[in-house]
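Residue numbers count from 1 along this sequence. Values below: all heavy atoms of this structure, side chains included; hydrogens, waters and symmetry mates excluded.
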Amino acid sequence: MAGLNGPRVYSCYNCRNQVCLHDDIISKAFQGRNGRAFLFSHGMNVEVGPKEDRQLMTGLHTVADINCADCRLVLGWKYLRAYEPSQKYKEGKFIFEKSKIVKEDW
């Protein structure tokens, strides 16, 4: 597991593996499978699953679930392709569900 020093780190709520940085948040106005979610520019210490096309609230996207690299909990997904031109900004970005991550030491 790659560790980070300093504040504003989010960790997997199950095992406390550090998975994303607060400074990488693009938006807090997203919906996950189980409620509110955050869009991040980067993720870390996660495994990207197989890609699949998924019909989401904003249209058809190719996505892959992201799992905690330590405990394998599904934390959200990574956008691989957006079919709608207005949604292209999501490509390569990560959705972390708010209920699956916790603030670490801040």
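Partner of F96 under the ring-ring contact (aromatic ring centres under 6.0 Å, His included) criterion, out of F30, F40, F38: F40 alone. Considering K51, K78, R33 in turn, R33 is the only one that fulfils the side-chain contact (heavy atoms from CB on, under 4.5 Å) rule with D65. Partner of L60 under the side-chain contact (heavy atoms from CB on, under 4.5 Å) criterion, chosen from Q55, E84, R54, Q87: Q55.
Residues T58 and K90 are in side-chain contact: their nearest non-hydrogen atoms beyond the backbone lie under 4.5 Å apart. Using a 4.5 Å cut-off on side-chain heavy atoms (C-beta onward), L75 and N67 make no contact. H61 has its side chain out of reach of R81: every pair of non-hydrogen atoms, C-beta onward, lies at least 4.5 Å apart.
Formation of a donor-acceptor pair under 3.5 Å by the D24 side chain with backbone atoms of S41 is not found in this model. Using modelled atom types, one side-chain atom of K88 and one backbone atom of A82 make a donor-acceptor pair closer than 3.5 Å. Using a distance-only test at 3.5 Å, with no hydrogens or angles considered, a donor-acceptor pair links the side chain of K100 to the main chain of V74.
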Legend entry - Derivation and outcome, side-chain contact (heavy atoms from CB on, under 4.5 Å), residues L39 and F94: CA-CA 6 Å; L39 181 69; F94 295 81; over 6 Å; no
Inset, instruction - Please step through side-chain hydrogen bond (donor to acceptor under 3.5 Å, both in side chains) for the pair D53 and T62, ending with a clear verdict. - result: CA-CA 4 Å; D53 285 339; T62 302; 2.6 Å; yes
Inset, instruction - In sequence, state the C-alpha distance, the side-chain angles, and the governing distance for R72 and E47, and then conclude on salt bridge (Lys or Arg N to Asp or Glu O under 4.0 Å). - result: CA-CA 8 Å; R72 308 293 187 258; E47 295 175 343; 3.6 Å; yes
Inset, instruction - Verify side-chain contact (heavy atoms from CB on, under 4.5 Å) between I101 and S11, making sure each step is shown before the conclusion. - result: CA-CA 5 Å; I101 57 174; S11 299; over 6 Å; no
Inset, instruction - For the pair R36 and Q31, evaluate side-chain contact (heavy atoms from CB on, under 4.5 Å) and give the outcome as yes or no after the intermediate values. - result: CA-CA 5 Å; R36 197 165 152 204; Q31 186 69 28; 5.5 Å; no
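Note: the hydrophobic cluster containing I26 does not contain L80 (ILVMFWY, side chain heavy atoms under 4.5 Å, direct or indirect links).
Between H22 and Y10, the ring planes are tilted. Angles from 30° to 60° get that label.
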